Every structure is written in structure tokens, then in C-alpha cells.
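Taking it in order: structure first as C-alpha cells, then the write-up.
In what follows, every chain begins at residue 1, and chains take the letters A, B, ... in the order their sequences are listed. As the structure is a computational prediction, the values presented were derived from the model and not from experiment.
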Amino acid sequence: MPELPEVETVRRGLEAAVAGRTVSGVEVLHPRPVRRHLAGPDDFAAALSGRTFAVPARRGKYLWLPLTDGDAVLAHLGMSGQFRVEDADHPDAPNTRVRFRFRDGGPELRFVDQRMFGGLSLSPGGAELPDEVAHIGRDPFDPAFDQRAVARAVRRRRTGLKRALLDQTLVSGIGNIYADEALWRARLHYARATDTLPQSAAERVLVEARAVMADALLQGGTSFDALYVNVNGESGYFDRTLDVYGRADEPCPRCGRPIRREAFMNRSSYRCPFCQRTPRAGHVRW
DNA sequence: ACCATGACCTGCCCGC
DNA sequence: TGCGGGCAGGTCATGG
């Protein structure tokens with residue numbers, strides 16, 4: 001379950017379920033999710049036996065399970081990845097790809113992924129911050145997140161505002177849903193040119209992105225269906241609280257005019273045509 | 001260097 | 001009922 005609040009919900013579930021537990025065996029049921037482990041599925045499985053998980057960590061949408069010896073299992077959920085914690089006699093969910101068993105004989109950890117854009121790999125020395133994560137920016141929940149500096153970096157770009165919000169190297173954790181929600185809260189159009197955007201507006205949309213993701217986290221994240229669930233298989237409830245995403249033709253909660261769905265960047269964008277008017281020429285970048 | 005686009009996958013839903 | 005197209009919240013490699 002893709003964006004920051006959903007990934008953080010999973011991280012918390014993993015903290016409760018696997019921290020301090022020692023792996024007894026790993027079973028790779030489909031090679032694709034471990035494709036980034038270049039030594040191959042068998043090596044991945046063998047390398048993890050006997051190792052102990054520490055407290056799971058996250059930056060943006062990347063998640064990693066540090067091992068007590070300083071390495072880490074890096075995970076990305078992609079579009080449809082899930083972690084599930086289930087007793088061994090509990091049947092596998094469809095699309096179960098990797099299974100971790102533990103020495104204590106307690107519940108298994110299963111990686112489930114329908115579309116397999118996500119994956120797992122072993123990151124040597126990655127307990128603190130895996131190399132594979134170093135290229136992305138800090139997310140808005142990071143204590144070292146520098147809102148003013150990120151806003152300046154956004155304004156140095158020559159692109160549309162939503163493209164910048166989705167660029168994980170500038171600020172991580174924001175995806176299609178929360179970008180639209182943040183833009184609506186900040187009353188900005190997705191194609192607003194970043195290079196003519198005032199600093200105050202750039203900071204405002206970052207503040208709103210953080211705020212909407214914090215609200216979502218309180219409700220266990222957003223999910224529209226069974227594809228996005230926490231480690232117990234339960235869905236979050238934030239979809240009921242979304243203001244614009246997925247609400248084409250419904251009234252804007254602020255002004256009552258119908259929300260519009262538009263294609264942008266080969267995906268859907270939702271906006272209020274009144275609260276988030278198309279910028280005048282010279283202030284738009286499609 | 002930046003920026004935009006397509007590729008990578010499976011499965012569901014809709015209209016014909 | 002069956003089939004094709006469109007759609008889905010992710011990133012990454014590759015062009016310009």
C-alpha cells in the first residue's frame with residue numbers, strides 16, 4: 001500500500017510483529033519480488049536464515065527491516081505489495097511471494113504482491129540507511145526535513161507543481177492520492193509552474209501534504225479495497241475522509257462545485273475547478 | 001543537468 | 001458469457 005501513511009502503518013505493524021525475532025527459514029515462491037537481490041532467490045533465502053530482525057525503519061515509501069548484525073532487508077511495496085503476519089496453519093493469501101519462518105515457531109511473515117512492482121532485497125550494511133534509499137529526499141515526517149529548503153528546491157525546478165511533489169528525490173512519501181489532497185488543501189493547481197511559485201505557496205503545499213498524511217495515518221491509511229491492508233489484513237479508513245481523490249462529480253467540500261477528474265502524467269488527477277483554477281498563461285507547465 | 005515518457009506486472013470492471 | 005480496453009495509490013531506465 002503505497003504512500004507514506006500506508007507504508008508507515010505497515011512499519012508499525014512489523015515493529016510489533018517481527019522486531020527481536022530470529023528467522024529460521026525463508027521460502028521464495030516467486031523470483032520476481034527478489035529480482036534486486038542479484039545473487040538470486042536461493043542466496044536471498046539462505047542468507048537470512050539465523051538472522052534476527054531489529055526495529056523496522058522507513059523513509060518515504062521505502063521500508064527496511066534492519067538485522068541486528070548491521071545489514072537490512074530492504075522492502076518496497078510498489079503498487080500492490082503487502083506484508084502479512086499469519087500463523088503457519090493459516091492459508092496463504094493469493095499472490096503470496098515470499099515466506100519467512102521464525103525460530104520461536106510463532107506467526108510467519110509473508111510478502112504478498114499481485115503486480116510485483118514491489119520487492120525485497122538484502123542490503124549489506126543497510127541497517128541505518130540502505131544505499132538504495134540514499135538517493136531519495138527526506139519525507140515530511142523526518143525530524144531533519146527542511147521545509148524552507150525543499151520549497152526552494154521545488155521552485156528551482158521548471159515543471160508543474162504536482163510533478164515536483166511526486167519527485168521522490170525532492171520530497172519523499174507523497175504519491176498520487178496525497179499530492180491531489182495537498183494541492184486541494186493549498187488551493188493550487190497541479191500544473192502550476194514551480195519556477196514562478198512564491199516561496200510561501202511552495203511551503204504551504206508542503207505543510208498541507210504533511211497535514212493530510214498525518215490525518216490519514218491516524219486512521220490507518222487509505223484503502224479502497226483489499227489490495228491495501230496492514231499486516232493483519234485490515235484496511236484503513238481514510239478513504240472516507242478524502243476531499244477530492246476519487247470523487248469525480250461530487251461536490252467540493254469547500255465550495256460545492258463538482259470535482260473534476262483529469263488525465264495528467266498518464267494518471268488521474270482530481271481538483272476543484274473553482275478552488276484550484278487553471279493558472280494564467282506563463283504560470284502553467286503541463 | 002534536467003525533464004518527460006514508456007516499461008514493468010496482474011487483475012478487476014466496464015461496455016460491446 | 002466472453003473479450004478487449006481502460007484503469008489501478010509504485011519506480012526506474014531511457015530518450016530528448
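- Look at Arg185(A) and Glu181(A) and you find no salt bridge, because none of the NZ, NE, NH1 or NH2 atoms lies under 4.0 Å from a carboxylate O.
- At the heavy-atom level, His135(A) lies under 4.0 Å from the strands shown only through sugar-phosphate atoms.
- By the 5.5 Å and 30° criteria, Phe117(A) is not stacked with the base of dC9(B).
- In terms of phosphate contacts, Asn176(A) brings no side-chain nitrogen or oxygen within less than 4.0 Å of OP1 or OP2 of dG10(C).
- Looking at heavy-atom distances under 4.0 Å, Asp113(A) makes no contact with the nucleic acid at all.
- Between Arg271(A) and Glu262(A) there is a salt bridge, since at least one side-chain N of the basic residue sits less than 4.0 Å from a carboxylate O of the acidic one.
- Within 4.0 Å (heavy atoms only), Arg36(A) reaches sugar-phosphate atoms of the nucleic acid but no base atom.
- For the pair Arg115(A) and Ile136(A), nearest-nucleotide mapping onto DNA chain C gives the more 5' position to Arg115(A).
- Within the hydrophobic cluster formed by Ile, Leu, Val, Met, Phe, Trp and Tyr side chains joined at under 4.5 Å, directly or through other members, Val133(A) is accompanied by Tyr62(A), Trp64(A), Leu74(A), Leu129(A), Ile136(A).
- Atom P of dC9(B) sits at a distance of 15 Å from the matching atom of dT14(C), rounded to the whole Å.
- Which of dG10(C), dC9(B), dC7(C) sits closest to the side chain of His76(A) comes down to dG10(C).
- Cation-pi geometry between Arg21(A) and Phe53(A) is not met at under 6.0 angstrom from the ring centre and within 45 degrees of the axis.
- An OP1 or OP2 oxygen of dA8(C) is reached within less than 4.0 angstrom by no side-chain nitrogen or oxygen of Asn266(A).
- A residue-by-residue look at Tyr62(A) and Tyr270(A) shows that Tyr270(A) has its nearest nucleotide of DNA chain C further toward the 5' end.
- A salt bridge links Asp195(A) with Arg285(A): the closest approach of a Lys/Arg side-chain nitrogen to an acidic carboxylate oxygen falls below 4.0 angstrom.
- In terms of phosphate contacts, Thr222(A) brings no side-chain nitrogen or oxygen within less than 4.0 Å of OP1 or OP2 of dG9(C).
- You'll find that the side chain of Gln168(A) is closest to dT11(C), out of dT11(C), dT10(B), dG10(C).
- Dashed line: the shortest gap from a side-chain N or O of Arg163(A) to OP1 or OP2 of dT5(B) is under 4.0 Å.
- Regarding contacts with the backbone of dC9(B), every side-chain N or O of Gln114(A) stays at 4.0 angstrom or more from both OP1 and OP2.
- Base pairing analysis places dG9(C) opposite nothing; no Watson-Crick or G-U wobble pair with both distances below 3.5 Å involves it.
- A gap of 23 Å separates the C1' atoms of dG9(C) and dC3(B), to the nearest Å.
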